[in-house]
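The next block holds one structure in the form of structure tokens; read it before the comments.
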Amino acid sequence: MKRAIISDVHGNIEALRVVLADIERQRVDSIFCLGDVVGYGPNPCECVMAVRDACEVVLLGNHDQGALFDPDGFNVGAERAIRWTRAQLEAHDRLPRNSADQLTDFLGELPRTHADGDLLFVHGSARRPLDEYVFPEDIYNPLKMEHIFELIGRYCFQGHTHIPGVFTMAPEFISPNLPQVGAAHAQAGSAGAEWRVQLPSTKAMINVGSVGQPRDGDPRACYAILEDGEAVRFRRVEYPCEITSRKIHAIADLDNYLGDRLLQGR
Ligand code: ZN
């Protein structure tokens, strides 16, 4: 059983297309999406349609919710992007030919969690599925980690921070940028790069990283493949981020910074 898990597409259709093509070559059984399909990026409608068509499970992210309801807790730039995103979705839904194909309805019906045996899938954390961040530095906050681990059967897959890696109960954060740590080893290929982690026999939280706005210093799109519930392969795929960046620069309601950061993966 092979499952691809994507998250935080953020309206970046160039990254999403390349990732979906890479997933197709991996011959997975299903694709799950952990939310934030929209927000920040220039192609929210295209991304919602592509995710809807490709994914078996799609969860609601805080940006998806912000685009549907009153945005709350976002900075000024993010909120402006969310309002612009909402206008795009509503304009799509108003077209007569799209009357039976409402993107806002689709987003509005997304669940916040998905459970499958002892696997849990959320956008943020098991404690606050929509909007709690679990950052690598939270390993120095054992109380927070303990509380969240109590809510997890075995493995919890999450996104939201845009920083891929595995949290163990130690607590420890195993990062793809530190391939010498733990049981991990790195494998680079011409079509992409891959980092495989054997999951611990105890509980773990796995952050699958971000397709459309990586923030770990690597601008390549990131996603994960769960194999037989035992190992996770983090994959990095190059995409034409300068195209997405130029599109963002051309839209007044999207800060130029949102385009610039894609080139750096920050
Ligand atoms: Zn996000």
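Counting starts at 1 for both ligands and their atoms, in listed order.
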Check: Is E150 salt-bridged to R127, cutoff N-O under 4.0 Å?
Finding: no
Margin query: Using a strict threshold of under 4.0 Å (side-chain N to carboxylate O), is an ion pair present between R83 and E79?
Written below: yes
Check: Would you say the side chains of D36 and H160 form a donor-acceptor pair under 3.5 Å?
Finding: no
Next item on the list: Decide whether Q198 and R196 meet the rule of one side-chain donor and one side-chain acceptor closer than 3.5 Å.
Entry: yes
Next item on the list: Give a yes/no answer: is there an N/O/S atom of H10 under 2.8 Å from the Zn ion (ligand 1)?
Entry: yes
Closest N/O/S atom of [X] to the Zn ion (ligand 1), by atom name?
| X | value |
| --- | --- |
| D36 | OD2 |
| H162 | NE2 |
| D8 | OD1 |

